[in-house]
Amino acid sequence: MLDTKTLAVAGGKGGDGSAHLHREAFRPHGGPDGGDGGDGGDVIVVARASLRTLAHLTRIMRIVADDGEDGRRNEMTGKSADDRLVEVPVGTVVWDVTDGGRKQLLADLVADGSAMVAARGGKGGLGNVHFATPTNQTPMLAESAERGEERTLLLEVKLLADVAIVGAPNAGKSTLLAAVTRAQPKIADYPFTTLEPNLGVAQRHNRAIVLLDVPGLIEGAHVGKGLGLEFLRHVERVRAIVHLIDGLEEDLGAAYQRIEHELGEYPGGLVEKPRVVAVNKMDIPEARERFKAQQAALKRCSKTEPLAISAATHEGLDALLDAIAALVPVEQPAPQPVLTTPTDETARPEPRRRPRVEITRDKDVFVVHCKPAERLTGVANLNLWQARMQLHRELDRLGVLRALKSAGVERGDTVRIGPIELEWS
Ligand SMILES: Nc1nc2c(ncn2[C@@H]2O[C@H](COP(=O)(O)OP(=O)(O)OP(=O)(O)O)[C@@H](O)[C@H]2O)c(=O)[nH]1
Ligand SMILES: [Mg+2]
């Protein structure tokens, strides 16, 4: 059962804005008509009820959305790229692990169709039409595109079952799953037969109940003994627990308490879940005798009415399913798909304020760090003096000139802004 996967994702780059100037035979200096660049596609992770595992992503290391198209003349906006969907099973938790092992929760996709934007595409750049002002009718600046976001994701599937069957190794958990569902888990007369969780769907009075058979628990499981923690996280999400006791145990109450202790030590709140206690292997006479003798004691210590069953002969299984069904509320309507975005906080419109400007030195070169200024130098043809003049005005407006002055720039120095280097004059 493949249920975790590391995946690099990147939104597409936006398209550049166009700095095109309209030209007609008798209007040599036509107005600006450069269109905006299209937006790059997003990478969106979406949960699908039809999927159970991440096996379809096995060979995929990186998913990149397409780039937006550049803006063109005649105010033609470049085409925005389609989003790329990464389909995962319902119950997938999406983590951001971009900065080495530190895990940051991005989303918990618990409903069919719920989705999250894992990497936004870059915005397209604005065309020069947006830079026209009453005093500047031939704007030669346009914005270059934004790059898409990049992230490394860790996808983790938590199986979604209604009920987990837990108990000591060899209690008959897998036999029970096979008896009430069509699942065919491995069954054998030795402990730790089940190494990975098995799912099955039981039908009872027109209801479907999803059961999860997990590896056997032993003392110390909560600190990692046996197959311990690895699979208990699947149990975190179930709505109820069937605690199955091996009828051949000497002391049923003690056996019950050993397992409950392990569940209690596990941090996922497992002990608070409603449960059914069932004692298995009633087809064996010693087991039946013991159950009769210890039923009252087990009832007292478990505070529930223990059921006597035989997974082998199917004795008591209908009653068991009824007890389970009573603990699992009838299907709630699936929650509405929600689109969550990790960067919603930053995407909220905020009061316009001056962009951050920072000047650093790379040997003799002064390097300007100011996103909007860097984007302005990507597209414009700075061989034209008008374009240089306009850039100068924008840099003034953005506060870049002042920052450069405080950094000590002098005539003749080299200044790098985005992809270009200018001689300061
Ligand atoms: N007589 C009898 N034997 C049973 C019954 N249920 C299970 N067994 C036997 O008990 C042994 C263990 O059964 P499993 O279903 O593999 O037990 P498990 O709890 O899944 O064990 P692990 O996966 O190792 O934790 C097998 O030999 C089964 O045939 C039962 O009701 N009666
Ligand atoms: Mg088993």
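One-based numbering, in listed order, for ligands and for the atoms of each.
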- Determine whether the side chain, the backbone, both or neither of D189 has a heavy atom under 4.0 Å from any heavy atom of ligand 1. both

- Message: R48 vs L85, test: side-chain contact (heavy atoms from CB on, under 4.5 Å). Steps then yes/no.
- Response: CA-CA 11 Å; R48 299 283 188 224; L85 296 185; 4.0 Å; yes

- So is A171 polar-close to ligand 1, meaning N/O to N/O under 3.5 Å? yes

- Message: Check this for me: does any side-chain nitrogen of one of R397 and E394 sit under 4.0 Å from a carboxylate oxygen of the other?
- Response: yes

- Query: Do N280 and D246 have a side chain donor and acceptor closer than 3.5 Å?
  - Reply: no

- Message: Residue-level breakdown please: for L244 versus ligand 1, do any non-hydrogen atoms fall below 4.0 Å on the side chain, on the backbone, on both, or on neither?
- Response: neither

- Query: Charged N to carboxylate O below 4.0 Å: is that the case for R204 and D318?
  - Reply: yes

- Measure from the side-chain N and O atoms of T98 to the backbone N and O of T152, and report whether any donor-acceptor pair falls under 3.5 Å. yes

- Task: Go through the steps to decide whether F291 and M282 satisfy the test side-chain contact (heavy atoms from CB on, under 4.5 Å), and finish with yes or no.
- Result: CA-CA 8 Å; F291 181 75; M282 286 301 122; 3.7 Å; yes

- Message: Using a strict threshold of under 4.0 Å (side-chain N to carboxylate O), is an ion pair present between R375 and E143?
- Response: yes

- With atoms numbered from 1 as shown, which atoms in ligand 1 lie under 4.0 angstrom from a non-hydrogen atom of Y190? 24 (O)

- Note on the structure: Residue, atom and distance of the protein heavy atom nearest atom 21 (O) of ligand 1 read N170 N, 3.0 Å

- Message: Distance under 4.0 Å to a non-hydrogen atom of A188: what atoms of ligand 1 satisfy this?
- Response: 11 (C), 12 (C), 13 (O), 16 (O), 26 (C), 27 (O)

- Query: Any donor and acceptor pair, going by atom type alone, linking the side chain of D162 with main-chain N or O of V210 inside 3.5 Å?
  - Reply: yes

- Task: Inspect the contact between D33 and R73 and indicate whether a charged nitrogen and a carboxylate oxygen are less than 4.0 angstrom apart.
- Result: no

- Which heavy atom of the protein is the closest neighbour of atom 17 (O) of ligand 1, given with residue, atom name and distance? G172 N, 3.2 Å

- Within 4.0 Å of some non-hydrogen atom of D283, the atoms of ligand 1 are 1 (N), 2 (C), 30 (C), 31 (O), 32 (N)

- Will you find, in the side chains of D36 and T77, an N or O donor that is under 3.5 Å from an N or O acceptor? no

- Relative to atom 8 (N) of ligand 1, which among M282, E315, K281, K173 owns the nearest non-hydrogen atom? K281

- Considering only heavy atoms of F192, which atoms of ligand 1 have at least one such atom less than 4.0 Å away? 24 (O)

- Proximal candidate to atom 7 (C) of ligand 1 [heavy atom criterion; set D246, I309, T175, T193]: T175

- K5 (side chain) donor-acceptor with L57 (main chain) under 3.5 angstrom: yes

- With a cut-off of 2.8 Å, does any N, O or S atom of S174 fall short of it relative to the Mg ion (ligand 2)? yes

- Task: Distance to 0.1 Å, residue and atom name: give those for the protein heavy atom nearest to atom 23 (O) of ligand 1.
- Result: T194 OG1, 2.7 Å

- May I ask you to decide if G11's main-chain N or O and R120's side chain share a donor-acceptor pair within less than 3.5 Å? no

- Query: For ligand 1, which atoms have a heavy atom of P191 less than 4.0 angstrom away?
  - Reply: 24 (O)

- Using distance alone, decide if ligand 1 has a nitrogen or oxygen within less than 3.5 Å of any nitrogen or oxygen in I187. no

- Query: Does G216, backbone or side chain, put an N or O under 3.5 Å from an N or O of ligand 1?
  - Reply: yes

- Item | Check: K186 N/O within less than 3.5 Å of ligand 1 N/O | no

- Task: State whether the shortest distance between N or O atoms of A312 and N or O atoms of ligand 1 falls below 3.5 angstrom.
- Result: yes

- Within-cut-off N or O pair, P169 and ligand 1, under 3.5 Å: no

- Message: Strictly under 2.8 Å, is the Mg ion (ligand 2) approached by any N, O or S atom of T194?
- Response: yes

- Under 4.0 Å to a heavy atom of I284 - the qualifying atoms of ligand 1, by number: 1 (N)

- Message: Check whether D70 reaches the backbone of G37 with its side chain - one donor and one acceptor, N or O, closer than 3.5 Å.
- Response: no

- Query: Is N280 touching ligand 1 with its side chain, its backbone, both, or neither, if touching means heavy atoms under 4.0 Å apart?
  - Reply: side chain

